[in-house]
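The structure under discussion appears below in the form of structure tokens.
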Amino acid sequence: MSPPASSAHVTDVVVVGAGVVGLAVARAVARQGREVVILEAAAAIGTGISARSSEVIHAGLYYPPGSLKARTCVAGRRALYDYCVARGVAHRQLGKLVVATTDTEAVDLEDLLARARANGVGDLRLLDGDEARALEPALRCTRALLSPSTGIVDSHGLLRAFEADARAAGAALALLSPVTGGAVEDEGLVLHVGGRAPSTLRCRALVNACGLDAQAFARRLDGLDARTIPATHYAKGSTFALRGPSPFARLVYPLAVAGGLGIHLTLDLAGRARFGPDVQWVDTDTIDYAFDETRAASFYAAVRRYWPALPDDALSPGTTGIRPKLGPAGAPAQDFLLSGPATHGVPGLVNLYGIESPGLTAALALADAVVEVLG
């Protein structure tokens, strides 16, 4: 559908961005009985960050206790498993091993265990090397942390289910509808929508779920204090696929590194293995998903720390993705930022900044948080 062209009509809530978080928000708001319009610049849902995710359901191990990432990951993971069962979305609770390959890393693993337990992740087990190899014979490690509640999900099936739920609750979706600008008004916000039939849309409330473009979108809203908009930083990640069958039945992660979770092994629902993503800080002026095959050498070295038997020429080029970061290279990892009226002073406006991993896992809980802010 096209967004209403008449300036006389005021839409209750507009959600900009039809990725997994935007659709989860639209679903939650529409189920409150509110009128919702979803505006998406692309020709289909979930073509941005959501299309390039590792499809992992995270348990909630890594994030500082009390942070929005920790709270929404743990609550979102529980809600997501229940949702997938109820809606028939393909998923599998495989579990994962976070591995230490040196004595120093073994100490770091104990710190990770303490943090995860502080976040409310209560099903973890610390294993010695023999116990870990009993589960995964191909693994080399001195110790490992077993996370049984980590899993994988069909992200495209999840997107379709969120969209169907939102539509069933009365939400309308407008594809090929980029928002070219907007302004804060006395009674809400006005948006200028481009595309095949340019229009003006007024709304009482607006949710910015634009992912990589969240800050750029916010800067196009006249009347929003630019000082409340965080700087933009991008980290590109590459993933290589494993040729042939995987020797692992679970996900395998090294200790986290600055900007990411290390070059880890994940599995898809067909059992195919892939490694990554790595971390490559890139310019924010352009979005470039080109694959650099020369990065393979660093992948072989990283993976062989926990899987020494990785054969030569076993990795084939996979995919790339870009993650929005709220801090530059070398800075501590930043929390999700849900910027509402208490932050910027604009009634009815919620900006979601820095929604990267574990955004897919946290989507349902983030949606609940937005509903609470909107009131």
Side-chain angles (χ1 to χ4, degrees), residues 13 15 17-34 36 38 45-46 49-50 53-96 115-124 147-171 207 209 211 251 266 269 335-338 340 350 352 354-375:
V13 182
V15 177
V20 68
V21 173
L23 290 173
V25 169
R27 169 187 177 273
V29 174
R31 285 162 63 93
Q32 297 290 311
R34 303 184 68 169
V36 177
I38 311 162
I45 63 172
I49 298 172
S50 300
S53 112
S54 62
E55 301 185 305
V56 172
I57 301 176
H58 290 280
L61 312 183
Y62 301 99
Y63 320 108
S67 66
L68 186 59
K69 278 187 178 179
R71 290 184 283 112
T72 56
C73 183
V74 172
R77 179 248 301 164
R78 293 168 178 157
L80 183 54
Y81 276 126
D82 289 344
Y83 181 83
C84 289
V85 170
R87 295 288 279 110
V89 177
H91 67 289
R92 193 166 301 144
Q93 190 171 328
L94 297 175
K96 88 173 179 183
R115 179 184 300 175
R117 285 176 172 166
N119 287 340
V121 186
D123 60 351
L124 304 174
S147 171
S149 56
T150 300
I152 55 176
V153 63
D154 174 7
S155 60
H156 301 287
L158 183 64
L159 284 159
R160 290 191 296 270
F162 282 170
E163 179 195 358
D165 285 355
R167 287 184 182 274
V207 179
L251 313 187
T266 61
L269 288 165
D335 199 3
F336 291 154
L337 178 55
L338 195 161
V350 177
L352 293 165
I355 309 300
E356 51 158 339
S357 178
L360 183 149
T361 304
L364 289 168
L366 281 169
D368 289 343
V370 171
V371 167
E372 184 176 349
V373 172
L374 290 177

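Bear in mind the structure is a predicted one, so any value in this text is a computation, not a measurement. Side chains are part of it too, since the values below use all heavy atoms of this structure and drop only hydrogens, waters and symmetry mates.
Of the candidates Thr266, Thr361, Leu251, Thr150 forms a side chain to side chain contact (heavy atoms under 4.5 Å, CB included) with just one, namely Leu251.
The CD1 atom of Ile38 sits 9.0 Å away from atom CD1 of Ile45, with the distance rounded to the nearest 0.5 Å. Considering CZ of Arg167 and CZ of Arg27, their distance stands at 15.5 Å, rounded to 0.5 Å. Atom CD1 of Ile152 is separated from atom NE2 of His58 by 12.0 Å, given to the nearest 0.5 angstrom. Summarising the geometry, atom CD belonging to Gln93 is positioned 8.5 Å from atom OG belonging to Ser147; distances are rounded to the nearest 0.5 Å. The OH atom of Tyr62 sits 12.0 Å away from the CG atom of Asn119 when rounded to the nearest 0.5 Å.
By the side chain to side chain donor-acceptor pair (under 3.5 Å) test, Ser155 is found to be paired with Glu55, residues two or more places apart in sequence or in another chain being considered. Listed by chain and number, the residues in a side chain to side chain donor-acceptor pair (under 3.5 Å) with Ser149 are Asp123 (sequence neighbours excluded). Judged as a side-chain contact (heavy atoms from CB on, under 4.5 Å), and not counting sequence neighbours, Glu372 has no contacts. Listed by chain and number, the residues in a side-chain contact (heavy atoms from CB on, under 4.5 Å) with Leu338 are Leu68, Val350, Leu352, Ala369, Val370, Val373 (sequence neighbours excluded). Applying the side chain to side chain donor-acceptor pair (under 3.5 Å) rule to Ser50 yields no partners; only residues at least two apart in sequence or on another chain are considered. The salt bridge (charged side-chain N to carboxylate O under 4.0 Å, His left out) test applied to Lys96 returns no partner, not counting sequence neighbours. Not counting sequence neighbours, Arg71 has no partner by the salt bridge (charged side-chain N to carboxylate O under 4.0 Å, His left out) test. With sequence neighbours left out, the side chain to side chain donor-acceptor pair (under 3.5 Å) criterion links Arg31 to no other residue. Residues passing the side-chain contact (heavy atoms from CB on, under 4.5 Å) test with Arg160 are Asp154, His156, sequence neighbours excluded. Evaluation of the side-chain contact (heavy atoms from CB on, under 4.5 Å) rule for Pro64 yields Ser67 as partners, not counting sequence neighbours.
Glu163 places no side-chain N or O within 3.5 Å of a backbone atom of Leu23 that could act as its donor or acceptor partner.
Residue pairs meeting the side-chain hydrogen bond (donor to acceptor under 3.5 Å, both in side chains) criterion with at least one partner in residues 72-83, sequence neighbours excluded, are Tyr83-Asp165.
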